[in-house]
Amino acid sequence: MKTKTIPTRSEIPASDKWDLTSLFKTEQDWENALSSIEPKAQEVAGYKGKLSSSKETLLEALKKYSDLWQIAEIVENYASLQHNADEGDQNATNKEGRVQMAVVKASSLLSFFDSEITAIDDATLNSWIETPEFADYKIYIKKLLHLKPYILSEKEERLMALQSEASETAYKTFSILENLELDFGTIKVKGKQLPLTQTTWSQFLKNPDRKVRKEAYERFYDVFEKHENTLASLYAGSVNQDIFETRARGYSSCLEHALYSNKVPLEVYHNLIDTVHKNFDTLHRYYKVFKKALGNKDLRHYDVYMPFTKDISIHTTYDEAVEICREALSPLGKEYTDTLCSGLKNGWVDRYENKGKRSGAFSSGCFTGYPYILLNYKEDVIRDVFTMAHEGGHSMHSWYSSHNNPFMCYNYTIFEAEVASTFNEELVYQYLLKNAKTKEEKKYYLSMRAGDILATLHRQTMFAEYELKAHELVENGTPLSAEVLRKLYRELLEQYFGPEMTFERNSDMEGLRIPHFYSAFYVYKYATGISAAMALADRVTRGGEAEREDYFKFLKSGGSRYPIESLKVAGVDMSKTEPIQKALDKFKDIVDELEKLV
């Protein structure tokens with residue numbers, strides 16, 4: 001019996017790895033840059049007590065401050081990318097730790113900086129930043145003034161900076177446990193023992209053999225359940241850290257703390273949850289149609305990742321996936337597709353799974369160098385084509401932002417980022433559906449898109465509701481335990497999936513295995529992002545040059561606007577429920593069509 005093994009990092013060809021030389025040509029260059037962080041921070045620290053003395057002094061300090069953090073960004077990104085490529089590489093782990101120590105030390109030295117700027121008389125400061133020489137720093141200072149009510153004293157800000165490294169302990173421990181120390185064993189498929197991992201689990205759940213799905217699901221969650229108290233303790237630690245920071249700064253709630261800096265009204269979060277709840281009937285009908293399509297007597301949680309259509313095998317090489325992206329994204333023009341596809345083939349991407357590599361996918365762009373992409377690409381998983389387009393959307397957003405803004409205001413928010421990525425997914429879906437060769441293939445793509453909307457809009461909203469309720473429990477005096485968290489998550493599972501679903505005893509362990517929960521109030525942005533992206537994709541593909549240029553204004557705006565305003569420039573108003581309802585209406589249309597086909 002042949003057992004398939006996952007290659008080590010050293011066994012992956014260089015052509016399939018990202019090329020980090022756009023950040024540093026050699027390891028020594030990285031070491032030199034790391035060594036420069038502390039002296040540069042000391043130099044900026046020399047301006048302490050002087051920032052208000054004159055606009056010339058403030059400008060000098062800002063230039064050096066910007067230079068310091070630009071170097072720190074690429075030093076940190078380089079080490080982080082190496083670590084994510086192989087979390088078992090002790091040298092990479094050591095490098096990341098050294099960077100974090102250097103950044104924490106610099107942050108503590110410069111803890112006075114923001115508070116000293118905001119202590120300058122508002123009228124004086126506003127008059128200074130209106131002069132041309134402050135053009136690169138005006139937006140940064142304007143955003144500082146927005147945060148002024150929650151910026152602490154110098155000593156307090158220093159304490160916050162000193163504890164920032166320790167605040168990552170819960171997530172780091174969770175990541176090590178999940179990606180390195182949990183052993184899920186192997187699953188027998190057609191005579192072969194295949195490894196069950198964080199990455200391969202989703203493949204097993206798409207296997208047409210229900211026994212394979214059941215075994216993979218049960219094995220996966222049994223392993224997590226053995227560690228339920230550890231996992232619950234880690235997540236509780238993360239929530240308690242959020243509450244500490246919220247209360248230390250004086251916000252009324254963790255949710256306000258998360259949304260305030262980007263000027264996202266609290267109503268956006270609550271409206272998302274309320275609107276999805278009001279459309280539960282379509283979601284529950286989807287599962288009824290899905291159950292009928294599968295032909296099962298019951299519908300289990302391990303069935304829901306199956307496509308409606310069976311017996312369709314789609315094999316897509318990496319290069320073929322790149323060309324699909326090129327064709328699908330052609331409404332955005334040749335500059336966009338040429339830049340993206342060249343990057344996908346030449347150094348931006350770490351393509352395939354290896355031992356110790358972080359599961360899933362991400363884009364990690366910074367002001368300098370390539371906007372890198374981590375994938376765990378599988379040629380027999382068509383969804384990985386969508387993932388390539390998704391992360392490519394992030395990277396192109398980073399590319400346009402860094403090429404059109406100064407460093408101090410180039411970085412866009414996550415709220416906006418999920419628009420650029422899911423916009424690309426929508427265009428890939430439209431392209432594949434249009435080019436479907438058979439009725440069965442069309443049904444396959446329709447079901448896949450329904451699943452994507454469900455995963456990005458409904459599922460992420462469920463996650464967002466879970467995060468909100470978990471934080472509110474602690475804010476109101478209820479400590480989090482495995483029992484409390486599992487009960488809360490099971491109630492949400494039953495609400496969202498409806499009466500057609502039969503859950504397993506430990507299905508609620510899902511709430512303790514999601515990495516994104518360690519970045520509180522992050523996941524709702526996927527749901528708002530797909531809503532905005534579907535509206536904008538429709539606007540761009542149906543419109544002309546003006547509509548496309550509006551979208552590029554959004555991509556190029558970087559961090560120069562707050563996200564709600566940035567998206568208004570593109571042509572969608574996310575302060576209202578209309579884009580969310582329109583996305584849910586499109587989901588309803590797909591469900592209607594699938595129901596007819598089934």
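Scope of the values below: all heavy atoms of this structure, side chains included, with no hydrogens, waters or symmetry mates.
Salt bridge absent: Arg542 and Glu547 never bring a charged side-chain N and a carboxylate O closer than 4.0 Å. Contact check on Lys588 versus Asp585 returns no salt bridge, with no Lys/Arg side-chain nitrogen under 4.0 Å from an Asp/Glu carboxylate oxygen. Salt bridge Lys357/Glu353: absent, no basic N to carboxylate O contact under 4.0 Å.
Listed for the His390 side chain is no donor-acceptor partner under 3.5 Å among the backbone atoms of Phe386.
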Show which side-chain atoms of residues 358-367 pair as donor or acceptor with protein atoms under 3.5 Å away, not counting sequence neighbours.
from, atom 1, to, atom 2, distance (Å)
Ser363, OG, Ser395, OG, 2.8
Ser364, OG, Asn77, OD1, 2.6

Residues 267-276 side chain polar contacts: donor-acceptor under 3.5 Å, at least two apart:
from, atom 1, to, atom 2, distance (Å)
Tyr269, OH, Ala464, O, 2.8
Asn271, ND2, Glu267, O, 3.1
Thr275, OG1, Asn271, O, 2.6

Would you be so kind as to tabulate the donor-acceptor pairs closer than 3.5 Å made by side chains of residues 516-526, with sequence neighbours excluded?
from, atom 1, to, atom 2, distance (Å)
His516, NE2, Tyr526, OH, 3.2
Tyr518, OH, Tyr235, N, 3.3

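Between the OG1 atom in Thr541 and the CD atom in Gln430 there is a gap of 5.0 Å [rounded to 0.5 Å]. To the nearest 0.5 Å, atom CD1 of residue Ile324 and atom CG of residue Leu329 are 11.0 Å apart.
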- Task: Quick one: do Glu578 and Lys582 satisfy salt bridge (Lys or Arg N to Asp or Glu O under 4.0 Å)? Show the steps, please.
- Result: CA-CA 6 Å; Glu578 183 182 5; Lys582 282 188 173 181; 3.3 Å; yes
- Task: Would you check, one step at a time, whether the test side-chain contact (heavy atoms from CB on, under 4.5 Å) holds for Ile187 with Gln193?
- Result: CA-CA 5 Å; Ile187 302 294; Gln193 289 291 339; 5.8 Å; no
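When only modelled atom types and interatomic distance are considered, Thr200 and Thr197 share a side-chain donor-acceptor pair under 3.5 Å.
Other residues, nucleotides and ligands place more than 12 heavy atoms under 6.0 Å from the NZ atom of Lys568. More than 12 heavy atoms of other residues, nucleotides or ligands sit less than 6.0 Å from atom NZ of Lys206.
Arg9 pairs by the salt bridge (Lys or Arg N to Asp or Glu O under 4.0 Å) definition with Asp350, not counting sequence neighbours. For the ring pair (Phe, Tyr, Trp, His ring centres under 6.0 Å) test, no residue two or more places apart in sequence or in another chain qualifies with Tyr431. Remark: Asn84 engages Ser80 in a side chain to side chain donor-acceptor pair (under 3.5 Å) (not counting sequence neighbours).
Closest non-hydrogen pair, Met509 versus Phe224, comes out as CE-O, 3.4 Å.
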